[in-house]
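This report concerns only the one structure given below.
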Amino acid sequence: MKLFKARLLSLLLDLALWTYLLYSGFTLHYLMTRWRVWEPEAKFIAPTLPGWGWAFVVWGILELVLLTRAFGPSLGQRILGVWLVSESGSPPSFSQRWAYFLFAHLGILSLGIIVFLAPEHPRYERWAGVRLAPLPPPGSGAFRRRWYLTAYGISAFLFVGMTLALGWRLTEIDLQNLVRRASRSIRIWRGLINPDFRYLFTPDPRIKLSFIDGLVQSLYMALLATVAGTAVAFPLSFVGARNIMARGPLGWLVYSFTRGFFNVFRAVESVYWASIFAIWVGFGPFAGSMALFIHTIAALGKLFSEQVEHIDPGPVEAVTATGANLLQVVRYAVVPQVIPQFLAFTLYRWDINLRMATVVALVGGGGIGRLLFEYKDDLQWSLVGGVIILFMITVWIMDYVSGWVRERIT
Amino acid sequence: MPHLVVEKLTKVYERGKVRALSNVSFSVEKGEFLVLIGLSGSGKSTLLRCINRLVEPTSGRVFLNGLELTQLSPRAMRKIRRKIGMVFQQFNLVKRATVLQNVLAGRLGYNPTLPTLLGRFPKRDILRAQECLARVGLLDKMYMRADQLSGGQQQRVGIARALMQEPELLLADEPVSALDPATSHSVMQYIEQINKEDGVTVIASLHFLSLARRYGQRIIALKSGEIVFDGLPEAIDDQKFKEIYGEEAEEVEVR
């Protein structure tokens with residue numbers, strides 16, 4: 001059964017690989033020949049082929065897959081740790097490989113029926129006098145050619161090369177622009193090294209907020225979001241820990257649900273939450289705090305529950321043996337073990353939240369970030385420089401202090 | 001009526017279908033000191049944990065004072081667990097908590113949930129904790145963190161925690177395997193004292209046959225989950241010893 005699984009999975013992997021290579025080759029060719037910067041609407045057009053054309057594409061992929069599988073371990077075979085050997089256990093001869101290539105078509109044409117009749121050693125492999133065997137360990141000298149000359153090596157190189165080339169094209173990397181347009185950024189750099197602290201304490205008459213006002217607001221946004229987020233994440237983290245909850249089907253359900261909640265809400269970045277709350281509760285620091293709060297629950301909840309899962313199970317066993325109930329076990333055997341890490345994570349999260357507090361201002365979250373984006377939009381680079389320097393100093397101090405505290409408690 | 005009856009106990013771990021115990025039956029009289037011996041992996045720990053259902057047996061029954069434990073609800077089982085103390089090979093103390101907190105944990109089953117969650121215990125429990133600590137000679141270490149104690153002292157805290165439960169039955173899972181020989185005897189003597197003075201039934205698994213001979217009134221030997229010997233310590237001769245521990249083994253003394 002093991003070989004059958006390896007055969008099936010490696011075939012699927014090979015199919016995926018060659019489909020990907022064909023797709024990336026096609027897209028690359030298309031981007032290099034037809035795509036022009038000045039025709040953005042023509043950027044991505046799905047490749048069009050008549051129906052019989054697609055049939056040929058599929059056929060071509062299948063042939064390539066069978067060829068690489070017949071001649072040396074293919075990428076899929078290599079990943080699953082199998083390769084072809086002759087009946088005697090030595091590498092197959094050239095004619096055996098060709099025979100395998102031809103007969104393997106029958107395996108595909110019969111839609112796998114031939115394989116299912118004898119899953120461990122299908123007919124077409126027997127006809128060709130070969131069989132699938134576990135790959136010998138690396139360094140055993142089983143390969144006649146160097147690995148990069150095998151089908152596996154070549155397709156691995158193709159895979160990496162195509163991916164990088166396609167990525168280069170798709171992200172529109174243009175090193176020329178990096179140099180040619182550098183002069184445009186000079187104004188910004190000049191502003192940053194000549195910071196303007198005019199509104200450090202006196203509020204900007206237009207925005208009605210001084211730098212310090214904004215900073216204090218951001219600090220408290222981060223603080224409240226962290227405290228409230230921790231308060232919610234703390235109890236949830238035990239519910240989301242497998243070693244506490246997975247004691248029955250209901251427990252499993254609750255555990256999976258909580259973990260799912262953490263993952264989904266963590267995947268949505270604070271900025272998106274801020275844009276939702278900016279509409280929900282209106283622009284301002286409240287929306288920003290809510291965004292940080294939600295993200296903190298999910299992020300801390302995940303970190304916390306992982307900590308809970310890594311505790312020493314001994315005390316849990318011992319406290320359970322005294323006749324304590326689940327809540328008591330958590331309080332007396334789990335909590336004392338995780339408190340220091342929880343505190344460290346919370347401090348670290350305050351750090352992150354302070355930095356995120358500036359970013360959520362981009363979509364109306366309030367705080368010092370609001371000043372930053374207002375000045376940026378007005379091209380007042382000296383004021384931007386002032387805000388950034390003040391913020392950098394704050395973050396540096398926070399980093400230093402929380403790092404010091406974290407070192408103390410763990 | 002025997003104090004504890006184990007009937008055809010079988011435990012199969014689902015992963016890999018390992019048969020940790022198969023058809024183990026025996027009974028223990030009140031006040032007996034029973035020692036389990038056998039190689040690592042012979043099923044001693046599983047057997048002890050099946051008695052208080054830290055491990056759920058696959059089949060078979062366990063009776064304590066005639067009450068079938070194996071079919072109790074989790075809630076009723078918690079009530080019974082209060083009367084079954086347990087001592088562990090790795091002591092299983094909460095390292096960051098104080099000795100007193102660790103000992104008080106033995107009282108959790110007797111107290112309502114809410115006050116204990118707030119860390120509050122009745123006055124008499126705290127007095128009792130002091131008594132138990134005094135009994136194992138650690139009263140002066142009451143406010144120290146558990147991980148600041150030596151191995152032997154930690155195990156004595158473990159014994160005090162079990163004593164807090166006012167147990168009828170004490171399960172000791174290799175209580176001295178992590179300790180050096182001199183400390184081993186001191187810890188074993190505390191367990192023996194509980195057995196003799198308080199009349200607590202003791203089931204202890206031990207690695208060394210010499211310890212088993214010195215403290216056990218009766219010995220049960222397990223091999224691959226089956227009982228291969230059940231009788232008095234004197235009855236284990238060289239022949240029996242090789243049967244239990246394999247042909248290669250040689251007896252080591254712990255003095």
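As a basis for the values below, the full set of heavy atoms in this structure was taken, side chains included, without hydrogen atoms, waters or symmetry mates. Here is how names work: the chains are called A, B, and so on, in the same order as the sequence lines, proteins then strands, and each is numbered from 1.
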Any idea which heavy atoms bring [X] and [Y] closest together, and the distance?
{"X": "A/Thr322", "Y": "B/Ala105", "value": "OG1-O, 3.5 Å"}
{"X": "B/Met86", "Y": "A/Ala321", "value": "CB-CB, 4.2 Å"}
{"X": "B/Gly119", "Y": "A/Arg331", "value": "CA-NH2, 3.6 Å"}

Taking atom [atom1] of [X] as the centre, does the number of heavy atoms from other residues, nucleotides or ligands within less than 6.0 Å exceed 12?
{"X": "A/Phe286", "atom1": "CZ", "value": "no"}
{"X": "B/Phe26", "atom1": "CZ", "value": "yes"}
{"X": "B/Lys83", "atom1": "NZ", "value": "yes"}
{"X": "B/Arg145", "atom1": "CZ", "value": "yes"}
{"X": "B/Lys79", "atom1": "NZ", "value": "no"}
{"X": "B/Arg120", "atom1": "CZ", "value": "no"}

What part of [X] lies closer than 4.5 angstrom to a heavy atom of chain A: side chain, backbone, both or neither?
{"X": "B/Arg161", "value": "side chain"}
{"X": "B/Gln90", "value": "neither"}
{"X": "B/Leu117", "value": "both"}

Legend entry - Euclidean distance, A/Glu317 CD relative to B/Arg49 CZ, rounded to 0.5 Å: 4.0 Å
Inset, instruction - Starting at CG of B/Asn111, measure out to CD of A/Gln328 and round the result to the nearest 0.5 Å. - result: 7.5 Å
Legend entry - A/Tyr332: which of B/Thr116, B/Val94, B/Leu104 passes side-chain contact (heavy atoms from CB on, under 4.5 Å): B/Thr116
Inset, instruction - For residues B/Arg96 and A/Pro340, determine if any side-chain heavy atom of one lies less than 4.5 Å from a side-chain heavy atom of the other. - result: yes
Inset, instruction - Take A/Thr320 and B/Arg81, measure what side chain to side chain contact (heavy atoms under 4.5 Å, CB included) needs, and give me the verdict at the end. - result: CA-CA 8 Å; A/Thr320 309; B/Arg81 274 190 192 136; 3.6 Å; yes
Legend entry - Options A/Leu327, A/Val319, A/Val330, A/Asn325, ranked by heavy-atom pairs under 4.5 Å with chain B, top entry: A/Asn325
